[in-house]
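Here is the structure we will look at, set down as structure tokens.
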Amino acid sequence: AASASGPNRQCTETFGEDDGDRNLSGSEQTLDPALLEIKRKWELEQKELKKKISLEDDRNVEKMLSNPDSDTFYVGGMDISFVKGDDVNACAALVVFSFPDLEVVYEDYQMIQLTQPYIPGFLAFREMDFMIQLYNNVKENNTQYTPQVIMVDGNGILHPRGVGSACHLGVLLDVPCLGVAKNLFFIENDIDRNEEHMEQIASLKQSGDTFPLVGSSSGITYGKALKSCEKATKPVYVSPGHKISIDSATELVHRCSKYRVPEPIRQADLNSREYLRVNFKDGS
DNA sequence: GCGACAG
DNA sequence: ATCTTGTCGC
């Protein structure tokens, strides 16, 4: 029974209706030397990765967005779905769509076992190895469908240290990547869901409308909030990961959206869940 | 000290 | 991320 190694967790039964103490773990800095250690180490890795990020459009990105028609390009979407009461077993998916016609040309689902914890700001360290594997699979076995750009569930430079998982993946693969988040990632003293933000969201009228996400104190432009389809009330937050500009990333996401979440990511999400439902009863 | 925290 | 029923609208 591989229970959590390290400090034993004194999670007493806080199941009762009344637990007297209302000091809900608040900021959770529930001292965990092991996690702090990991954080420090990961922060250094992010610092190195950040130096390699490019926010310029890769030539293929330029071509795929400007081309009147002729060539067909491929856009990949990645996502990982989890098993309910299980934070280890999951299904990683890559679905590749042709662009601009948006037809599925390739899909890969892999049962995986997560080993790293999820820590806000360090999502990539938990999922990246599996995404890299998915990319290598296509490139090696179905080269013709290797995506020229990859969409990741999460953020690119819209991140506390400017290195979201889309940057992480992009730099490691040296492939254009962008992030699409369904929720705005809070960045201390710079970006948050305040009144002004809510007003800006209310000002988005039609599909394709956007507003830039600019840091209130840093002045940094992290990406854009995009009303991806007519029906969506809530925007998606697009930010470049690597080898793609903010405007191109936003345009690409918009052009791949039939619903709020762009098709590549949406299908990777829906299909990986379905995969778990069918292939994971308790074992296989 | 509290709050806020992609998936 | 995951859970869960109904409900509103095209």
*Side chain of A/R193 (C-beta onward), nearest among B/dC5, C/dT2, B/dA6*: B/dC5

*Starting at CG of A/L213, measure out to CD1 of A/I187 and round the result to the nearest 0.5 Å.*
9.0 Å

*Choose from B/dG7, B/dC5, C/dT2 the nucleotide whose nearest atom is closest to any side-chain atom of A/K84.*
C/dT2

*asked:* Using whole Å, what does the distance between atom P of nucleotide B/dG7 and atom OH of A/Y237 come to?
replied: 11 Å

*Counting only heavy atoms not in A/E56, do more than 12 sit closer than 6.0 Å to its CD atom?*
no

_Assuming nearest nucleotide by heavy-atom distance, tell me which of A/D79 and A/K231 is located more 5' along DNA chain C._
A/D79

*When you look at CD of A/E230, are more than 12 heavy atoms from neighbouring residues, nucleotides or ligands closer to it than 6.0 Å?*
yes

*Closest to side chain of A/F82, choosing from B/dA6, B/dC5, C/dT2*: C/dT2

*Is A/F125 touching bases, backbone alone, or none of the nucleic acid, heavy atoms closer than 4.0 Å?*
nothing

*In whole Å, what is the span from the CG atom of A/L35 to the P atom of B/dC5?*
19 Å

*Between B/dG7, C/dA1, B/dA6, which one does the side chain of A/S165 approach most closely?*
B/dA6

*Within this structure, what is the CH2-to-P distance between A/W42 and B/dC5, rounded to whole angstrom?*
20 Å

*For A/Y118 and C/dA1, is the gap between ring centres under 5.5 Å while the planes differ by less than 30°?*
no

_In whole Å, I'd like the distance from the CD atom of A/E188 to the P atom of B/dC5._
12 Å

*Just how far, in rounded Å, is P of B/dG7 from CG of A/L169?*
16 Å

*Look at the aromatic rings of A/Y275 and A/Y109 and report parallel, tilted or perpendicular, splitting at 30° and 60°.*
parallel

*Using a 4.5 Å cut-off on heavy atoms from C-beta on, say whether the side chain of A/F130 contacts that of A/Q110.*
no

*Could you state the NZ-C1' distance from A/K182 to C/dT2, rounded to the nearest angstrom?*
13 Å

*asked:* Rounded to whole Å, please give me the gap between CZ in A/F185 and P in B/dG7.
replied: 9 Å

_N/O (side chain, A/N183) to phosphate O (OP1/OP2, B/dG7) under 4.0 Å_ = yes

_Face-to-face contact A/F186 to B/dA4 six-ring, under 5.5 Å, under 30°_ = no

*CG of A/N155 versus P of C/dA1: gap in Å, rounded?*
13 Å

